[in-house]
Amino acid sequence: MKQLIKNAWLLTFDENWKEYKNGHVYLEEDKIVDVGDSLERVSKYDKLAEKVIDAKGRWLLPGMVNAHTHMFQTFQRGLADDKPLRQWLFEEIYPFCEIMEEEDFYLSALVGCLENLKNGSTSGRMSIE
């Protein structure tokens with residue numbers, strides 16, 4: 001499918017940190033064919049695209065990579081977070097993990113995956129200890 005996303009504030013995160021205040025991305029199938037802010041090219045792609053998304057007033061940026069996560073701990077978020085690290089781990093987190101069952105870990109990780117997807121993470125590394 002040929003798609004055009006236009007009128008976006010486009011952040012590329014390339015080596016020059018290039019941004020386009022009125023940018024476009026043109027895709028064919030799963031490949032990015034063109035990125036920029038040329039009105040001439042947008043006009044051309046408008047005619048070729050099977051799907052056009054007007055992203056006016058929105059940002060468009062690459063997906064994020066979650067490089068460190070403990071998805072099995074989503075159910076423990078906020079639990080005694082006022083304690084020092086060692087006390088928090090040994091008095092709260094480890095005992096909580098001891099009573100969790102296999103399905104609890106699965107559901108907690110599933111919630112973590114959904115949160116990552118909803119917030120723009122395209123990949124990540126899951127740590128189960």
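Count residues from 1 along the sequence. Computed from a prediction, not measured in an experiment: that's the story for all the values here.
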Margin query: Taking the side chain as everything from C-beta on, heavy atoms only, tell me whether Val111 gets closer than 4.5 Å to Phe75.
Written below: yes
Notebook entry, point to check: Hey, is CD on Glu101 packed in by over 12 heavy atoms from elsewhere, all under 6.0 Å?
Noted result: no
Item checked: Atom pair CG (Leu107) and CE (Met100), whose distance is rounded to the nearest 0.5 Å -> 8.5 Å
Check: Taking all atoms of both residues into account, what is the closest heavy-atom pair of Phe72 and Cys97, and its distance?
Finding: CE1-SG, 3.7 Å
Checklist line | Test item: Thr74 and Glu115 side chains (from C-beta on) under 4.5 Å apart, heavy atoms | finding: yes
Checklist line | Minimal non-hydrogen separation, Leu79 against Trp88, with atom names | finding: O-NE1, 2.8 Å
Check: Where do Thr69 and Asn66 come nearest, in terms of heavy atoms and distance?
Finding: CB-ND2, 3.5 Å
Next item on the list: To the nearest 0.5 Å, tell me how far Arg58 CZ sits from Ile53 CD1.
Entry: 9.5 Å
Item checked: Hydrophobic cluster membership, Met1 vs Tyr26, 4.5 Å side-chain cutoff -> no
Notebook entry, point to check: Checking side chain to side chain contact (heavy atoms under 4.5 Å, CB included) against Ile93, which of Gln76, Lys83, Glu98 comes through?
Noted result: Gln76
Margin query: Testing the basics here: between Ala80 and Glu92, what is the closest heavy-atom pair and its distance to 0.1 Å?
Written below: CB-CG, 3.4 Å
Note to self: Is it the case that over 12 heavy atoms from other parts of the model lie below 6.0 angstrom from the CD1 atom of Ile32?
What the structure shows: no
Check: Taking atom CE of Met71 and atom SG of Cys113, what is their separation to the nearest 0.5 Å?
Finding: 4.0 Å
Next item on the list: Step by step, work out the side chain to side chain donor-acceptor pair (under 3.5 Å) result for Asp54 and Asn7.
Entry: CA-CA 6 Å; Asp54 187 350; Asn7 300 321; 2.9 Å; yes
Margin query: To the nearest 0.5 Å, what is the distance between CG on Leu110 and CD on Glu103?
Written below: 10.5 Å
Check: Trp9 ring centre to Lys21 NZ or CZ under 6.0 Å, with the angle to the axis within 45°?
Finding: yes
Notebook entry, point to check: Do Val52 and Tyr45 sit in the same hydrophobic cluster, where Ile, Leu, Val, Met, Phe, Trp and Tyr count as joined when their side-chain heavy atoms come under 4.5 Å apart?
Noted result: yes
Next item on the list: Please determine if Asp34 and Arg41 form a salt bridge, counting it only when a charged side-chain N lies under 4.0 Å from a carboxylate O.
Entry: yes
Check: When hydrophobic residues are tied together by side-chain contacts of less than 4.5 Å, even through go-betweens, does Leu39 share a cluster with Ile5?
Finding: no
Check: Under 4.5 Å between side-chain heavy atoms, hopping through other hydrophobics if needed: is there a path connecting Leu89 to Phe105?
Finding: yes
Checklist line | Between OG on residue Ser43 and NE2 on residue His24, distance to nearest 0.5 Å | finding: 11.5 Å
Next item on the list: Consider only side-chain heavy atoms of I, L, V, M, F, W and Y, link residues closer than 4.5 Å, and tell whether Val35 and Val42 are in one cluster.
Entry: no
Notebook entry, point to check: Is there a side-chain contact between Leu4 and Asp46, using heavy atoms and a 4.5 Å cut-off?
Noted result: yes
Margin query: Before you tell me yes or no, could you show the steps for Leu11 and Trp17 under side chain to side chain contact (heavy atoms under 4.5 Å, CB included), namely the whole-Å CA-CA distance, both residues' side-chain angles and the distance that decides it to 0.1 Å?
Written below: CA-CA 7 Å; Leu11 307 174; Trp17 290 85; over 6 Å; no
Next item on the list: Quick one: closest heavy-atom pair of Trp59 and Leu61, and the distance?
Entry: CB-CD2, 4.1 Å
Next item on the list: Apply side chain to side chain contact (heavy atoms under 4.5 Å, CB included) to Leu10 and Val25, showing your working.
Entry: CA-CA 9 Å; Leu10 179 60; Val25 175; 3.9 Å; yes
Next item on the list: For Lys44, look at atom NZ and say whether over 12 heavy atoms of other residues, nucleotides or ligands are found less than 6.0 Å away.
Entry: no
Item checked: Smallest separation among heavy atoms of Lys2 and Leu48, with atom names -> CD-O, 3.8 Å
Next item on the list: Decide whether Ser121 and Asn116 meet the rule of one side-chain donor and one side-chain acceptor closer than 3.5 Å.
Entry: yes
